[in-house]
Structures are given as structure tokens and as C-alpha cells.
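Below is one structure; the comments refer to it alone.
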Amino acid sequence: MENEPAFFETSPKPGVVGKPLNRVDGRDKVMGKAKYSAEYPLPGLVYGVLKTSAIAKGRVQSIDTSLALKEPGVLQILTHLNLPKLAKTPNDPEGKKAIGAPMGFLPMTSDIIHYAGQPVALIVADTFERATQAAALVRVNYAAEAPIAAYTDKRAQLFNPEKIQDGKADGYTRRGDARAALASAPIKMTAVYTHAINHHNPMEPGATTAIWEAPDRVTVYESTQGVTRTQKSLSAYLGLPQDQVRVITKFIGGGFGCKGSCWPHTVLTVQAAKAVGRPVKLVLTRPQQFTSMGHREDQTQTLTLGASKEGKLLALIHEKTSTTSPWDNYAESNSKIINLLYDCPTFESHYELGRANVMTSTFTRAPGEAPGSFAIESSMDDLAYQLGIDPIEIRLRNYAEKDPSTGQPWSSKSLRQCYARGAELFGWSKRNPKAGVTKNGRLLVGYGMATASYPVHNSQGTARVRLYADGHAVVQAGATDLGTGTYTVMTQVAADSLGLAPDKIRFELGDTKLPTAPNSGGSVAAGTVSSSVYMAAQDVWERLTKMAIKDPKSPLFQAKAEDVAMENGRLQLKKDASKGEDFKALMKRAGIDDIEGSGQGKYGSGYEAGQSAASASDAHKDEAGKHSMHSFGAHFCEVQVDPDLGTVRVTRWVSVHGAGRILNAKTARSQIIGGSIFGIGAALMEATARDPHYARYTNADLGDYHIPVNADIPEMTVEFIDEHDPYINAMGVKGIGEISMVGVSAAVANAVFHATGKRVRDLPITPDKILGTKSV
Amino acid sequence: MNNFSYLSTTTAKDATAAVTGTKGAAFIAGGTTVLDLMKLNVENHSELVDINMVPFKGIEQTADGLRIGALERMSDVGEHPLVLQNYPMISQALLQAASPQLRNMASIGGNLLQRTRCGYFRDVAFPCNKRQPGSGCPAQEGENRGLAILGGSKSCIATHPGDLGVALAALDAVLLLENAKGKQRRVPLVDFHVVPGTTPQRETVLEPGELIVSVTVPAAAHARKSMYLKVRDRASYAFALASAAVGLDVQGGQIRSARVALGGVGTKPWRSVAAEKILTGAPATEATFRAAAAAAVRDAQPREQNRFKVELAQNTLVRALLELSAA
């Protein structure tokens, strides 16, 4: 369309957007019919198994595959000595950029070992069991060197990077003179926060099934958050045109960021399929999952704040030190949220990295926002108690009416309502302001709260609508459904945009043959894809309108296009609804069975440094680009702490968010619950232990890497504030994938403080960190 | 996992003969440990001899007390009325262990043979004296938060991971064993597991090819009034950071008999006779319980990360005694 369409308004009748529609794929999932990437029984399929490095640093001196190759059914063993040559590798910066690789190192391209668990061989056999057996028989001799396990190692050389997060964020930020402001501030506080290594641990591990359809054409069934990104990466790796690489992902069992990039095992599997001339499937084992798809890095944050005696922030200085790999300068950008959450006139942030023998960390649900919010939201709570101010009140005193980091107005912000509604639902007014005095028998009871915020990142994508004259429609976008409900919500958007019932719509996704959609990451999928679908539907109506006004038999003959509107599948005059006709009648008369439209949805206003504003049309862009776009929310948490046994249980939970239009009340609620539980896991139990001498994980399985089980989680209350944001995109959707876990660990830690009088700044808050606590 | 052959047997005689006669053979019952460790290449058996059809069954009250067949499942024993009524500690220990799926598979005998969750043991890329004698113990200076403070040595500080063994240690359980020659012997549970010393690869007194036939637990007042308290990093499905199995016979405020064992803190199920001595004959007060708890961990040798267990084990024990005496 030439002009940006009006803000999407759901059709008042019937209108399914926002309704708690059941998942359209729910039945297939419970019936086992939903096919995941390792579930395509291709003819001639064989199995790949990785052999990974026993050491964290050194070289492969020799690999003896002779014994393994004698095993029945073994077809091929790839090592650095015989890996088919790749057009590009990420081992040089140019290659890394072309590939869009999450780390600047591809294993098995040389004898170098940089981290424990690095692939050293890929064994292909006719069964999984035989490949596994053969892998155990591959003998690797290493020349081991002493590795560095973390930035905390005395031998780790610390440095201040110019850029972090793959060049996407600055290593140093300064707004005003925070040092001077701090010097003259009546209240000064410095606190140190540490965060354990966290792994995403989706239920479905990384999985790749690759089949070469022709010598220069490959299809890959991949567990990825973005088929197009994987396609681009593989085409660069392989030196193939993008269209010669097809990537399919119909269902994913969770991603949380680790499936946002094309990791080494994927390209190695594709090369294995090439080497054996048969389709190859490779599924990471759970221990391999811990060293194959990134993690949230171990990190220390030092947050210094200066404030007035009334609790008004005057200065914020944030320093973060974290572990990165031997080649990349990766760190989550924790400081961004600290820079914009409150109205503070000065700000400064520094990043410091220490190289260690680990793979590069990667985005993990709310990268930066989650640990960053733990620091700022714990410190705000601390300040509130020190000054005797209610934790909500101190946040209101520092309420940012515009984005402090840019000076721009918010496109929308409902944080005040989130605080108020959350407090009401939770019963915050019943809280005893004094810490460590509320009891339930032997247990100490604590209330805590924290603010959540997540940016609306830039994104764009396309969608296609094919409307049939029989009243059905097929809607397509190459998006991915992480399990959160993309199939369902896009069906709803298409239904309302086309004036059809949802059961007349089939929404297809997860294939690079479909129109290009962005990664399901950074919470952009719902906003971008819904806008694309809406725009594509508008394109269909525009085409139909043109047909109608040229058709002498149509009641709309010779009407002006701008006077025609669509209502429940009917084209009619805006001013006189009686003048119009059903699209089916129009199409039948024209003798066409179907009509197609496509649309490009844009989203966001340029939050990412170095990326220009890219929202909607040029005319709209200026307006949108003047706004800062974020979701906001508030979490309220009750914990009961056993001071003798050190156990912390979350006993009540309330989350209220303002995140633009909510497309489906049920899937949105589930997503917020899931994200909050993810955050409770990080707050109370998730920690990957890396041995300090061997730089190797010691709890790389789900028995010993604890994530919450049902018994850890109480009934959770989730609400959304009605928010109408015309700047984000045509749909006004902000996305809720990540805000759900921002602030969660602070809410828990603040509740622990209220219960015990002890402020734990070291995540996770396991029993050992509570012991020694008595009521104060 | 290596290739292995599989043999199903219906009698103890066939089973023990098969394991004794085949190099690298091992028994399999529920398989929840042996298959896990074979997948990790921690154990590599040439043959698995399935004993699930061997009639080591039954949960019954005998003249000697409660008799449990070694091939009864954890869930069946944990939910059995006899166990619930007369040995609540055993039921609680079983039902707080693992997950329902695992409890439905895992056998009583196998549970007592469950191997440690020490991360160094479970990953063949690490040295480990238990897995590979003489290779070293990185846990001593490494990730030892979950490891034992009692019964360890310079060779090994791996924690006994189970719960059932702790309860059985407290209640004077006796195991009936049978070897390939059909010879049976009785071994008290407290003597069944051994501390690592310089031979951490040896975890029990079980001889090669020997099977656990049954477990007998004497009836006692301190068994009827007993409980198992387990502290862990999450509310369910986790191994104990510390646990306490306690039984008390209190009359008129005086403790007539007491049984105490600790879990999650020892290299074997940790019966504390020292704590029992302090409790027996003393008034059932918190002061008594504190003194008993101090005695129970007197020999603790914590490492850097598991120091908290010294306090946690005592608090767990005190809490269990307080709750039990108040019940």
C-alpha cells in the first residue's frame, strides 16, 4: 500500500484478536503429530554423533579413528583433517561477519582446542547407537595446556573493550558527569552483584537434519529461532546462493536465545551429509548442549548510586566484568536498562572482559536486561529501605517521564498503572515496612517488587495472504513459533484482518520458501509478523477494491477506493454500509479462485546503537523515530524463607505489564508465567559450575543443573494494562517474550531481604547464602 | 554407551552365575543408575543380566520386623500401608527421592547401590579416583558444594546420593545377600557401605556376583515415630544438600531411644551413634537436640564450597527432632 494504513482496530464483530483462543497447534502437539527438526524420517537417513574435547586448551596431537571405522555401520568420521572445505569460516572477522556467526571460531578447522566440549570429530553411522559406540572408540591424543576458566582467575588478562555484544553496544557510556554528581550527592551507595553462568536448556536440544537435494542445493531441518538467519549463515559457509539453502523449522521445543544463531554443530552436520552423500541427523546430548549453543556469562556488576535524602537519583555508575571467549568481545549490555529505567541526570558505564577457555556466551532471554535489572532493582530497594521510603514510592519519585538515555518521549508507558494494579492485586499495602519481622510459624515472610522493562527492537518482515473465493485463506510468513503461540496469534490477526473465522485460516511458518520473517528473538516476532500479516491482508483488500470499482456489476462500481472499507469480509462504502458486496461474490464474478497479497511489517524505532530507525513508511518513520519504545511492567513476589534450612520458596506472584496490544490473552499469560518462572530459576537455583582448574562444567545435566519444578512455583497472577501504541507498528504490539523475566530476580531478592533482613547480591540465592540469617 | 549383550534370568542362581561367569557383566533391575552411567561411559558392561523376573519380592511384617524384597519398586514400598504406619521415615525417604517415573522403575536393592552424583565422577574427561583409581580427585579443590563433609578422604569426597539408605542406616536394617554359590549372608546396612579411604572405587562390601535379596528392618517404637527431612536446592526432584533420618521414643519428656542418620553430607549413609548417645536418656529439648547435632558433625572436614553443610546438617537434624518430638 502506498500509505501507511490506519492503526489496526479489531473488528468489533466477531473479532478474535486478544481473545484467549486455544492453540491452533495444541491438538497436534499432544497427539505427537507436531514434527520437530529431528523427526523427519527421510529415506536413507543416517545418524551423526559428536565427539567432544576432553581438554579445554591445547591441541589435538593425533586422532585414531581406525578402531571406530571398523565398527559395523560406520560410514564416515570427520575431523579437522578431513572436514570438507568451507567457502568461509568465522575464524577471520570478515568470514564471521558474512556468516553472522555467534562466535569467531569454528571447531574442526584446525587442531586447536579452545574450550572443553569443543567438537573434535563427527561420527556418522547407519544407526544412532552405532555412531555413539564408534564415538567412544575414537582415540584422541591431546597436547594439553593449563586453561583459564573465568575472569576471576588471577591469570586472566582483563581489558576494556571498545564495543561489546558483537560490536552492537558500546563498552563505555557517559551521560553528564556522574562522578561529580556522585561526589556531591548526600547519599552514596556501592554494591556488588554477581550472576552465575546460566544455560538456556530448552527441552528440545539443538537438532539438525541435513539433506543435499543436489550437489549445490541443501535442505536443513533445524531447531532454530530463525530459518532465514540460519539460511544466510549456511549459504555463506557453503558458498551457495541463499536460494540454494532451504531451512525448515515447523516446531521448536524452546529456544530462549540459544537457537538464535547458526552454531558449529549445524554446519558440521551439513558437511557430514555432503561427505556421506546421505541425509544426516544430529541431536546434541544434554551435556553437549552445555558447550554447543552459548550461555549467559558469569559476571560481576558494581553499581554505585548517588541520591538525595528524599531518594531522588543523582548519579549512576555501572561497571561490569565478565568472562568471554578467546576471540570475541561478548558481554550482555546490562547498562542499557540501568541508563533508562529512572530519571537520573547522570550516568556512566564501563565494561571489562577477561578471556578464558570457554565458548562465546550468547543472548539469553532478556540479555543484559535480566542481570542489569537485578543490579538496579536491588539497589533501588536497598535505597528505599535505607531512607525509610516504600519501594514503590521511591520508584515513583524517580519515574522517567521520558527516556533519560535519549531524551525522547516514550511511545507509550503504563508503568504507573502497572505499579498500582500490581500492588492492588498483591496486597502490597499489607506489607510491614520493617524487614525480618513478618512470620508464618518458623518461616520468615517477605514481600518484594521490581520494575521490568524491555525495548522494542527494530525489525521487519514480510507475509503473504492467499484468499480463496470459497472463504478460506492461507497466510504465510517464514517466522518461527518457539512454542509461545505464533501459529495461534497470527491466525487470529489474519482472521480479523480478513474478516474470516479463525478456522477458515491456515497460517504457515518455519520455511525459507515462505516470505522472509525475522528471528523469533529480541521479542520482535509477534510485532513484526502480525504487522506483516495485517499489511498483506490490506494488500488483498486493496486489490479487491480495485476490482470492484472497475466492475460494472459491482454495487461499488466507480466508487472511490478511499471510500471503501472492509467489514467482516464484505467490501462496502464507509458512509453507506448497505452499498457493498461479499468478496466471494466479487471473485466469482471475475472468475478467479484466489487472490494474493503481500505486506511488509516494520517494527521499532531504532533502539539498537548503529541501527537507523526503520519503522513503517518514511513519513511515519520521522514520527516514530522521535519516540523511545519500550514495554514496562512490575513484578510482586512473596517468599517464605526458612532461616535454619536456608530454603526460599516463592509463595505468591503477581506480574502486571503494559506491552502494547496483547494478541491472545491465554498464550500471553502463559508466556509471562513461563518467563517469570525462568527468572525465578535464575534467582533461586540456576547455576552452571565450571571447574576452576579444568575449565569444564561439572553439572552439565538436568539432574544437577536445577531449573524450577512445579513444586517451586505457586499460583501466578498475570495481568496486562490496556495499551494503545500507534508508533510501534500497525498492530501496536510490543512483544512479551523477554520482559516477563526482567526484574524477576530482583523481586525475589528484595522479598528475601524483606523476609530476612539479609540482602543477597549473589545469584542464585541457594540455601548456603541464606544460612546464618536470623530474624533481625 | 558401549555395545552390550542382554540376558534375562528368572532365578538368583542363573543371574549370579551369569554375572560371575561373564567378564564385565553386571546386574540390571530398574536400570535408572546403570543405564545412565553406561550412557556417560562411566560404566562399560559387556553384558547386562536382567534380574527383574527373579522373585525377590514382598513387603511384609515378619517376626524380625519389616521385610522388603530387593526387587520391590521404590513407589510401591513408599506407599505401602505397613511402611507408612510403622516406618514413616522409610516412606518419606523414598517418596522425597527422584521423580514418580524413576520411583516406579527403581528397585530397593538398586537404590542402595546408586552411585554418587559427583560431577567429576560422572564425566570421564575428569580424573576421578573412584572411576579410575590413582588418577586424582579434582573435587578437593574444585566444585565441591554438593560433596561430603563426613567420611571423606584425600582420595574422594563423593557424597552417597540416596535417601533410602539413610533411613535404613538409622533403623538398624539388615541386608540379606546371596552369592553365585547360593550362599546367603546377613550384613547390617551400616556395614554395607564403606567409606572411600584409599579405595574409593569400592563402595560396598558386596562381592562380585552377589545379589541383595531383601532388607529387614526391626520393628521399634523409634521406627513408628520417625521422620525423614530433606533439604535441597529446589522443592522436589533434587538430591539432598543435607537430610536427617530420625526416630524417637519419648516417654514423659525423656528420650528412651533415638535413631539418627544424616544424608547428603556423608560418603555413605551417615549413622550417628554419638548423637544417639546424647539423646538417649536426655530430656527431649532443643538444647539436647543441639548438642546431639553438634556431636553428629564433630568429625566434619568441609572443603571450600561445602562449609555451609556443617551448619545445615545440624539445623536439619535439630529441625527433624523438634518436629518429631512435637508431633
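Treat the numbers as computed from the prediction; the structure is a model and nothing was measured. Each chain gets a letter, A, B and so on, in the order its sequence line appears, and its residues count up from 1.
Options A/Asn699, A/Ile707, A/Thr52 differ in how many heavy-atom pairs under 4.5 Å they form with chain B, and the most are formed by A/Ile707. With respect to chain A, the highest number of heavy-atom pairs below 4.5 Å among B/Asn3, B/Asn2, B/Val231 belongs to B/Asn3. Chosen from B/Ala242, B/Ala125, B/Ala235, the residue pairing most often with chain A at heavy-atom distances under 4.5 Å is B/Ala235. With respect to chain A, the highest number of heavy-atom pairs below 4.5 Å among B/Phe126, B/Phe308, B/Phe239 belongs to B/Phe126. Note on A/Asp642, A/Thr647, A/Asn710: by heavy-atom pairs under 4.5 Å with chain B, the leading option is A/Asp642. Top candidate by heavy-atom pairs under 4.5 Å with chain B, chosen from A/Ile713, A/Val648, A/Asp701, is A/Asp701.
A distance of 10.5 Å separates CG of A/Asp691 from CD of B/Glu141, quoted to the nearest 0.5 Å. To the nearest 0.5 Å, atoms CD (B/Glu311) and CG (A/Asp768) are separated by 10.5 Å.
With B/Asn315 contributing its side chain and A/Leu645 its backbone, the two residues share no donor-acceptor pair below 3.5 Å.
Both the backbone and the side chain of A/Arg696 have a heavy atom closer than 4.5 Å to some heavy atom of chain B. Using a 4.5 Å cut-off between heavy atoms, A/Leu702 contacts chain B through its backbone alone, with no side-chain atom that close. A/His706 touches chain B through backbone and side chain together, each having a heavy atom under 4.5 Å away. Interface residue B/Asn41: only side-chain heavy atoms are found under 4.5 Å from chain A. Using a 4.5 Å cut-off between heavy atoms, B/Arg122 contacts chain A through its side chain alone, with no backbone atom that close. No part of A/Arg130 comes within reach of chain B, as not one of its non-hydrogen atoms sits under 4.5 angstrom from that chain. When heavy atoms are compared at a cutoff of 4.5 Å, B/Gln314 does not approach chain A at all. Contact of B/Leu241 with chain A is made through the side chain alone, with heavy-atom distances under 4.5 Å. Contact of B/Arg234 with chain A is made through backbone and side chain together, with heavy-atom distances under 4.5 Å.
A donor-acceptor pair shorter than 3.5 Å cannot be found between the side chains of B/Asp123 and A/Tyr697.
Within 6.0 Å of CD in B/Gln201 there are more than 12 heavy atoms belonging to other residues, nucleotides or ligands. With a 6.0 Å radius and a threshold of 12 heavy atoms from other residues, nucleotides or ligands, A/Glu145 has its CD atom above the threshold. Taking a 6.0 Å sphere around OH of A/Tyr142, one finds it holds more than 12 heavy atoms contributed by other residues, nucleotides or ligands.
Nearest approach of A/Pro767 to B/Arg145, heavy atoms of both residues: CD-NH2, 4.1 Å. The minimum heavy-atom distance between A/Pro692 and B/Gly142, with the atom names listed, is CD-CA, 4.2 Å. Minimum interatomic distance between B/Ser236 and A/Ala711 (heavy atoms only, all atoms of both residues): CB-CB, 4.0 Å. Shown here for B/Arg232 and A/Arg649, the closest heavy-atom pair between the two residues is O-NH2, 4.1 Å. Closest approach of B/Asp233 and A/Met685 over heavy atoms only: O-CB, 4.2 Å. For the pair A/Val709 and B/Tyr237, the tightest heavy-atom approach, listed with the atom from each and the gap, is CG1-CB, 4.4 Å.
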